[in-house]
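Data first, discussion second: the structure below is written as structure tokens.
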Amino acid sequence: QVQLVESGGGLVQAGGSLRLSCAASGFTSSTYAMGWFRQAPGKEREFVAGINRSGLLRAYADSVEGRFTISRDDAKNTVYLQMASLKPEDTAIYYCNYALTIPDMTRAEHAYWGQGTQVTVSS
């Protein structure tokens with residue numbers, strides 16, 4: 001069974017940094033693009049960042065471009081999101097997921113979501 005376990009969230013002051021981790025199991029993560037999504041209070045879930053199967057291509061939402069960095073370690077079946085210069089509007093529950101390609105991931109209606117990890121940025 002597919003499992004996606006997010007961790008690393010917490011409370012941080014504006015301007016601070018956090019590193020999120022997503023441990024994947026139940027599928028061969030190295031054959032898929034991986035990505036991060038978030039859902040802020042009162043908003044729909046949105047795409048944040050993606051990385052292709054080789055790790056050579058990355059994509060980011062405009063709102064996080066230049067501040068967040070996605071990476072992956074296929075030996076650990078893990079994808080990371082390094083977040084810097086955090087803003088209160090980054091406050092959300094962060095989720096990871098996968099698809100064949102980054103474009104597929106952004107438009108797919110994913111059948112499974114993990115519990116997510118809460119990121120709270122105070123001003």
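- For the pair Ala23 and Thr78, the tightest heavy-atom approach, listed with the atom from each and the gap, is CA-OG1, 4.1 Å.
- Of all heavy-atom pairs spanning Ser123 and Ala14, the tightest one is CA-CB, 4.3 Å.
- A continuous path of ILVMFWY side-chain contacts below 4.5 Å connects Tyr32 to Val48, so both sit in one hydrophobic cluster.
- The line from OG1 of Thr91 to CD of Gln39 is 13.5 Å long, rounded to the nearest 0.5 Å.
- With hydrophobic clusters built from ILVMFWY side chains whose heavy atoms lie under 4.5 angstrom apart, Ile93 shares a cluster with Met105.
- Of all heavy-atom pairs spanning Leu4 and Cys22, the tightest one is CD2-SG, 4.1 Å.
- Within the 4.5 Å cutoff, no side-chain heavy atoms of Val12 are placed close to those of Met83.
- Under the 4.5 Å side-chain heavy-atom criterion for grouping Ile, Leu, Val, Met, Phe, Trp and Tyr, Val121 is connected to Tyr94 within one hydrophobic cluster.
- Proximity of Val79 to Tyr98: side-chain heavy atoms (C-beta onward) are nowhere separated by under 4.5 Å.
- For the atom pair CD1 of Ile51 and CG of Leu57, the computed distance is 9.0 Å after rounding to the nearest 0.5 Å.
- Every pair passing side chain to side chain donor-acceptor pair (under 3.5 Å) that includes a residue from residues 51-66 is listed here, sequence neighbours excluded: Arg38-Ser63, Asn52-Ser54.
- Closest heavy-atom contact between Ser29 and Met34: CB-SD, 4.4 Å.
- Two rings, from Phe68 and Trp36, have their centers 6.0 Å or more apart.
- Under the side chain to side chain contact (heavy atoms under 4.5 Å, CB included) rule, Leu81 has a single partner from Val119, Ile70, Thr117, which is Ile70.
- Residues Leu20 and Glu6 are not in side-chain contact: their nearest non-hydrogen atoms beyond the backbone lie 4.5 Å or more apart.
- Asp104 approaches Leu100 most closely through the heavy-atom pair OD2-CB, 3.6 Å.
- Remark: Gln115 CD is loosely packed, at most 12 non-hydrogen atoms of other residues, nucleotides or ligands lying under 6.0 Å away.
- Each of Val5 and Val2 belongs to its own hydrophobic cluster when Ile, Leu, Val, Met, Phe, Trp and Tyr are linked at side-chain heavy-atom distances under 4.5 angstrom.
- A ring-centre distance under 6.0 Å is found for Phe37 and His110.
- Side-chain atoms of Arg67 come within 3.5 Å of backbone N or O of Ser85 as a donor-acceptor pair.
- Annotation: side chain to side chain contact (heavy atoms under 4.5 Å, CB included) contacts of Gln82 (sequence neighbours excluded): Ser17, Arg19, Thr69.
- Under the 4.5 Å side-chain heavy-atom criterion for grouping Ile, Leu, Val, Met, Phe, Trp and Tyr, Phe47 is not connected to Val64 through any hydrophobic cluster.
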